[in-house]
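One structure below.
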Number of protein chains: 2
Amino acid sequence: MIKIAIYEDNIRLSQLLALLIETTEDFELVGCYENCVNALQNTRNERPHVIVMDIDMPQRSGIEGVFEIKSHFPEIKIIMHTVFDGNEHLFECLSKGADGYILKKDSSTRLIQAIKEVNDGGAPMSPFIANKVLQSFRKQSTQDEYKLTEREREVLSYLAKGFSYRMISIELNISVETVRRHIKNTYQKLHVQCGPEAVAKAIRSGIIAS
Amino acid sequence: MIKIAIYEDNIRLSQLLALLIETTEDFELVGCYENCVNALQNTRNERPHVIVMDIDMPQRSGIEGVFEIKSHFPEIKIIMHTVFDGNEHLFECLSKGADGYILKKDSSTRLIQAIKEVNDGGAPMSPFIANKVLQSFRKQSTQDEYKLTEREREVLSYLAKGFSYRMISIELNISVETVRRHIKNTYQKLHVQCGPEAVAKAIRSGIIAS
DNA sequence: AAGTCAATAACCCTTTTGGGTTATATCAAA
DNA sequence: TTTGATATAACCCAAAAGGGTTATTGACTT
């Protein structure tokens with residue numbers, strides 16, 4: 001039996017999915033929610049094998065949910081099930097640990113199939129998504145890992161020393177806006193979203209001295 | 001010859017100090033400014049041996065000045081010369097690298113003497129200040145170095161993982177205010193003033209995993 | 001029993017961050 | 001020579017962060 005939980009704010013759709021799962025052999029629906037507010041607690045209680053997760057949900061998005069659940073239960077498989085086919089959400093989800101990414105425009109049976117795949121250790125993706133991922137992978141492997149510019153490294157190291165943007169700008173004799181620009185670019189390259197995380201990653205990966 | 005620079009926004013006082021220094025044997029006044037806006041550049045040009053630094057100055061405080069100058073020229077001695085005798089400024093300055101701390105209520109000749117002392121590798125302090133430092137030192141050495149509580153360490157490690165205060169609060173099931181409290185306490189204990197710096201220090205000193 | 005510490009929480013307030021967008025000059029590489 | 005990367009800069013705007021103060025609770029120590 002594969003234990004499955006659903007996070008989907010569109011009630012019509014979630015009921016459809018629930019029905020589909022309950023009527024599929026070897027599948028067991030252990031939870032169905034319309035947002036991620038209690039995602040961690042739910043997960044702790046139910047210990048699903050696979051989670052089907054929408055992204056755009058009220059209060060707490062599916063991205064936050066993935067991040068949180070994966071931090072605690074890396075072995076639980078999470079399939080994103082969403083209308084978003086843009087790069088932003090896609091890479092954010094994958095970097096947070098999503099195991100599959102199925103678009104809603106695919107058939108429901110594709111989702112069922114994806115659940116089996118992911119439970120077997122696969123990485124089910126809609127073809128369009130799979131292509132994007134491959135492309136990005138190629139791009140990334142050619143620009144070997146975190147390719148920060150000299151200036152970005154410099155700014156980052158000041159950040160780790162406790163300088164504020166303003167202090168860095170005075171320090172380097174450039175505008176605060178430019179400091180902000182460098183930092184924003186750095187965050188993108190490191191796939192992080194705030195200073196503390198960037199500094200942690202930079203130190204651990206040797207980008208700045210430890 | 002000891003080359004000396006002054007940062008003091010009270011013109012009356014800075015002129016007095018300047019005169020005093022110029023008329024002292026073996027002393028040479030190489031700069032006299034009313035704030036730290038160009039402190040680093042001034043220092044680069046003049047290479048003073050000793051800097052006499054007020055704290056409360058317009059635009060950029062002496063504390064920022066100390067931090068910046070010491071980051072680049074750790075060998076230059078800086079004496080704080082201020083009316084503040086409270087703990088806040090004192091420890092902040094010392095942690096930023098100040099080498100001496102003389103109160104303005106001491107005589108000017110005491111300052112002259114302090115300049116000689118600091119240039120010889122000493123750490124001139126007003127008696128009252130010296131006591132405070134000793135007290136704090138005792139307190140600190142009994143509570144050996146960074147004694148974070150379990151909870152504080154936990155919160156800090158979430159911070160390094162890129163969680164916002166709000167996410168941490170949900171994670172640990174406590175209020176955002178409490179998260180804030182733990183972080184504020186942590187900053188005090190680590191002698192830092194922002195997240196990135198705290199994370200850097202924590203990783204480098206092994207408080208959180210690297 | 002009094003005192004300290006840890007954890008919790010709330011309130012005030014300002015500054016800083018960080019996301020998005022757009023634009024410029026420069027320099028090197030294709 | 002056109003493209004691409006880099007460094008620079010500005011703007012808008014919401015959210016997050018951080019500093020100060022105060023208080024309550026429970027646990028452990030004098």
Side-chain angles (χ1 to χ4, degrees), chain A residues 59-61 63-64 86-89 91-92 139-140 142-144 146-156 158-199 201, chain B residues 59-61 63-64 86-89 91-92 139 142-144 146-156 158-201:
Chain A
Q59 276 147 78
R60 302 196 74 208
S61 79
I63 295 181
E64 289 183 273
N87 287 338
E88 343 69 46
H89 286 318
F91 293 118
E92 202 173 352
K139 204 189 292 170
Q140 205 177 0
T142 54
Q143 61 178 34
D144 76 288
Y146 311 126
K147 210 189 63 183
L148 299 193
T149 67
E150 196 44 45
R151 202 54 154 173
E152 284 161 357
R153 253 192 301 280
E154 195 177 10
V155 168
L156 188 55
Y158 279 116
L159 203 62
K161 282 184 196 159
F163 283 61
S164 69
Y165 290 10
R166 185 177 136 267
M167 288 179 77
I168 298 175
S169 80
I170 293 170
E171 194 59 33
L172 300 179
N173 207 34
I174 57 182
S175 88
V176 177
E177 291 302 324
T178 303
V179 173
R180 178 205 299 294
R181 200 33 314 144
H182 289 315
I183 290 181
K184 277 190 273 202
N185 289 337
T186 301
Y187 288 179
Q188 282 211 322
K189 292 185 185 178
L190 299 186
H191 308 302
V192 299
Q193 42 266 311
C194 66
E197 193 185 2
V199 166
K201 196 154 195 170
Chain B
Q59 278 147 78
R60 305 196 72 208
S61 78
I63 294 180
E64 290 183 272
N87 287 336
E88 342 71 47
H89 286 318
F91 292 118
E92 202 174 351
K139 205 190 294 173
T142 54
Q143 61 179 33
D144 76 287
Y146 310 126
K147 210 189 59 182
L148 298 193
T149 67
E150 196 44 45
R151 203 54 154 172
E152 285 162 356
R153 252 191 301 279
E154 196 176 9
V155 169
L156 188 55
Y158 279 116
L159 203 63
K161 283 184 195 158
F163 283 62
S164 68
Y165 289 10
R166 184 177 138 269
M167 290 179 77
I168 298 174
S169 79
I170 294 170
E171 193 60 32
L172 300 180
N173 207 35
I174 56 181
S175 88
V176 177
E177 291 302 325
T178 304
V179 173
R180 178 204 299 295
R181 200 32 316 146
H182 288 314
I183 291 181
K184 276 190 274 200
N185 289 338
T186 302
Y187 288 178
Q188 283 211 321
K189 292 184 185 177
L190 298 185
H191 307 304
V192 299
Q193 42 265 311
C194 67
E197 193 185 2
V199 166
K201 195 153 195 172

Interatomic distance, [X] [atom1] vs [N] [atom2] [rounded to whole Å]:
X: E154(B); N: dT8(C); atom1: CD; atom2: C1'; answer: 14 Å
X: N185(A); N: dA23(C); atom1: CG; atom2: P; answer: 17 Å
X: E150(A); N: dA5(D); atom1: CD; atom2: P; answer: 19 Å
X: L148(B); N: dC5(C); atom1: CG; atom2: P; answer: 16 Å
X: R151(B); N: dA27(D); atom1: CZ; atom2: C1'; answer: 16 Å

- Message: Both K184(B) and C194(B) contact DNA chain C. Taking the nearest nucleotide for each, which residue is further toward the 5' end?
- Response: K184(B)

- Query: Could you write nucleotides 24-30 of chain C as a row of B, S and -, 5' to 3', where a protein heavy atom under 4.0 Å of any base atom gives B, of only sugar-phosphate atoms gives S, and otherwise -?
  - Reply: -------

- Note on the structure: Taken in chain and number order and not counting sequence neighbours, the residues that satisfy salt bridge (charged side-chain N to carboxylate O under 4.0 Å, His left out) with R151(B) are E154(B)

- Message: Measuring only between side-chain heavy atoms, which start at C-beta, is T186(B) closer than 4.5 Å to K201(B)?
- Response: no

- Note on the structure: Across all chains, not counting sequence neighbours, the side chain to side chain donor-acceptor pair (under 3.5 Å) partners of Q59(B) are none

Quick one: side chain to side chain contact (heavy atoms under 4.5 Å, CB included) partners of [X], sequence neighbours excluded?
X: A198(B); value: L156(B), Y187(B), L190(B), V192(B)
X: A160(A); value: V199(A), I208(A), A200(B)
X: Q193(B); value: E92(B), K96(B), E197(B)

Side-chain donor/acceptor pairs under 3.5 Å, residues 169-176 of chain B, sequence neighbours excluded:
unit_1, atom_1, unit_2, atom_2, d
S169(B), OG, R166(B), O, 2.7
E171(B), OE2, H72(A), NE2, 2.3
S175(B), OG, E177(B), N, 3.2
S175(B), OG, T178(B), N, 3.2
S175(B), OG, T178(B), OG1, 3.2

- Query: Counting any heavy atom closer than 4.0 Å, what does E152(B) reach on the DNA or RNA strands: base, sugar-phosphate only, or nothing?
  - Reply: nothing

- Message: List the residues meeting ring-ring contact (aromatic ring centres under 6.0 Å, His included) with Y165(A), not counting sequence neighbours, and say none if there are none.
- Response: none

- Item | Close approaches to DNA chain C from residues 169-183 of chain A, in residue order (heavy atom, under 4.0 Å) | R180(A), R181(A)

- For the helix from dA1(C)-dT30(D) to dA30(C)-dT1(D), what is the angle between the axes at its two ends, each from 5 pairs, rounded to 10°? 50°

- Find the distance between CD (E150(B)) and NE2 (H182(B)) and round it off to the nearest 0.5 Å. 11.5 Å

- Message: Please give me every residue in residues 159-168 of chain B whose heavy atoms get under 4.0 Å of an atom in DNA chain D, ordered by residue number.
- Response: S164(B), Y165(B)

- OP1, OP2 of dG18(C) versus side-chain N and O of Y187(A): anything below 4.0 Å? yes

